[in-house]
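Single-structure report; data block below.
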Amino acid sequence: MEKSEITSSGENPRPWQSYHTVYTNAKAGMEGVDKEKVQRIVYEMSKGSKYFENEERKEAYMRQKIETMRAQCAKLKAADVSHYQMVADKRILELESTRDLSRIWLHVDMDAFYAAVETLSDPSLTGKPMAVGSMSMISTANYEARKFGVRAAMPGFIARKLCPDLIFVPTDFNKYTHYSDLTRKVFQKYDPHFMAASLDEAYLDITSVCKERGVAGGEVAEELRTRVYEETGLTCSAGVAPNRLLAKVCSDINKPNGQFVLPNDRMAVMTFISSLPIRKIGGIGKVTEHILRDVLGINTCEEILQKGGFLCALFSHSTADFFLSVGLGLGRTDTPQVKFRKSISSERTFSATNDEALLYQKLADIAEMLCRDMQKEGLRGRTLTLKLKTASFEVRSRAVTLQKYICSSEEILKYASKLLKAELPISLRLIGLRVSHFNEDKAGASSDPTQRTLTNFVLSGDASRKTMGGRSSLGLYCSDEPFMDDLETSFSTDSHDINHYETRDPWDSTNKQDLEDHHCTFSNNIEAEEAHESLSNDIAGNVNTADTVECNFNSCHTVVFESKDAETSLPQKLYVSNTNLVNKEVITGNEAVFSPDWQYHCFKEDDCKCSLCGIEMPPDFVEERREHSDFHLAERLQEKESSVNSRTSIQRQSPLPLNTIPTYGPGLIIR
DNA sequence: CTCAGGAGATACC
DNA sequence: GGTTAGGTATCTCCTGAG
């Protein structure tokens, strides 16, 4: 860490040098900037503010972390050092053996995207320093503004100080989405499975294009950039390399409106990576850069390999692996087939207040916004996280995982209020809400088969393996394709109607018929006690839970049936995973292996008693009855499956018809 | 011991 | 005149339950 010199009087003549911000990192277009001046202005504008004080706290925390790690290093004996060196050497060999130089990846990055789009719609902005954003935060600055040190993630008032003539343009996502779509149409022609990383960035596997046309990656990149310009009037930069991690680094080299090609050659890669500052690597940010530099003296990727032993000694397995891969210039070369959203959130900053009525009002507004966003995508989740930022910029989060999936603003607000209540009194400047753990998402799909939910059981189609001494579905399907389990989660979006018995509300003590609630967790004792009362009223064990399902279900089924969504009344389709049966028995219009209305069979109209097992449920337990029916459906599937057991070939394929593949907003990969 | 969940931190655009 | 975003993902560490 660079230390500012201290004068004999104890005064630090250049205190700004030790004020580290994210925007001191070199960015394209900022080469000629007087960094010292920028840092001084940033420091002076920030000094004394609550934000600044918080940054200092964070900085102190980081320094402490660094000290601790240095001490750890110092404690290592010679024997430890050689041991970890061996561990690292072995790991490096293993990682090296995974090197794949067969693919050609292209990373496209639009130049100052938002700013460029704004200039397109208002040509009078051309040549003038301009930033998209507000006085509190800037999203993007054009190259004229960057000359002054203005950049993304910088507050507008500081930017204005750096560049008094700076023009501010408010963000307009509709506009950016429109242009983003235009660029994506071009990308699609080069790689129909391209990965959109955000509105303005994408990864394309151009291996086939290069082979088919007998041209080099650089030529394809040139052509693609020209076409993007023709279609949109916007320039972009590109990087061509053997993997995505390197392609991303390469696209930044000749920005703006340029490209850089790294050949698919091990020597070329190693030479390229050796002198590369670690901060250029995606995933290594301000903090990691400082830690690696101040603890181990690592500045370049080459030095990562030299310090491999220490990295293995200090960091977790996965983190050390990541660092070593970076040192070797390795990165992902596969094309994930699906990538699903794992959470959805909404947050707002406002002027700090401790007025409780006001805070609840803000909370209600956010719950409403989040609910709207969730409805757009038909999402329901069971974990709700409240995010708070205090007036002193301290960030806290409080979460609760429910036994049912929620999506209405009333429900969100109900639980969010309880979480907030426990924090009062408090002065806040931000409130946020996040919902995660969507139906059967990856995190919800327990790897413990005894904890699997009914849906998971049906969807994964692997039920039999448990009793047959086989491997879990993850093991079978995902051994060499890590995204296959994502594929399974894909069904979750539409599957909330065939669900398990986790419907109880930990805070609803009026629910006398609640089922067992072993997995619910609470964020604070008050609520837990309240819920405990409720739990004591439970009639436990009166219904078989999904956990008890015995599994003789051996892969290979696609079942499609429709039901009505309880909230929206919209028909919901559920696709149960499958293989051979896909073409033979199912996809014939809306026909399903099991009749669509089968799920209601075990409860006759107005009858609260299950015709199959005799269990009774109260008249208003509509949802619960349907879920109970689903349970029997699973049993039927199981029986059906045992009769077709001989068909074992597993050819996983997405059972989602094209038009049902959900599309997501910016930042998500659409496959 | 393993797993799920909670909390905080980090990173990227 | 004061003013430092919003959305998503991932990792680590910790804790309680089974």
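We use all heavy atoms of the structure for the numbers below, so side chains are in, but hydrogens, waters and symmetry mates are not. Note that the structure is predicted; figures quoted are calculated from it, not measured. Protein chains get the first letters and strands the later ones, always in sequence-line order, with residue 1 at the start of each.
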If you assign each of A:Ser343 and A:Ser318 to its closest nucleotide in DNA chain C, which residue comes earlier from the 5' end?
A:Ser343
Would you say A:Arg382 places a side-chain N or O within less than 4.0 Å of OP1 or OP2 belonging to B:dG5?
yes
Per A:Arg398 side chain, nearest of listed nucleotides C:dT8, B:dA7, C:dG2
B:dA7
Toward the 5' end of DNA chain C, which comes first, A:Arg348 or A:His317, by nearest nucleotide?
A:Arg348
Whole angstrom value for the distance that separates C1' of B:dT10 from CD1 of A:Ile278:
14 Å
Measuring to OP1 and OP2 of C:dG6, would you say a side-chain N or O of A:Ser346 lies under 4.0 angstrom away?
no
Contacts of type side-chain contact (heavy atoms from CB on, under 4.5 Å), residue A:Ser427, not counting sequence neighbours
A:Ala352, A:Asn354, A:Ala391
Just to verify, what does A:Val42 make a side-chain contact (heavy atoms from CB on, under 4.5 Å) with, not counting sequence neighbours?
A:Tyr19, A:Thr21, A:Tyr23, A:Val38, A:Ser46, A:Met154, A:Ile158
Can you measure A:Arg434 atom CZ to C:dT10 atom P for me and round it to whole angstrom units?
12 Å
On the nucleotide B:dC13, are OP1 or OP2 found under 4.0 Å from the side-chain N or O atoms that A:Lys248 carries?
yes
Can you confirm whether the side chains of A:Asp111 and A:Ser237 place a donor and an acceptor under 3.5 Å from each other?
yes
Please give, in whole Å, the distance from C:dA5 P to A:Tyr176 OH?
18 Å
Given C:dC11, is OP1 or OP2 found less than 4.0 Å from the side-chain N or O atoms of A:Thr319?
no
Considering only heavy side-chain atoms of A:Ser345, the closest of B:dG6, C:dG7, C:dT10 is C:dG7
Would you mind telling me which of B:dG5, B:dA9, C:dA5 lies closest to the side-chain atoms of A:Met137?
C:dA5
Taking the side chain as everything from C-beta on, heavy atoms only, tell me whether A:Leu234 gets closer than 4.5 Å to A:Leu182.
no
Any side-chain N or O of A:Thr401 less than 4.0 Å from the OP1 or OP2 oxygen of B:dG6?
yes
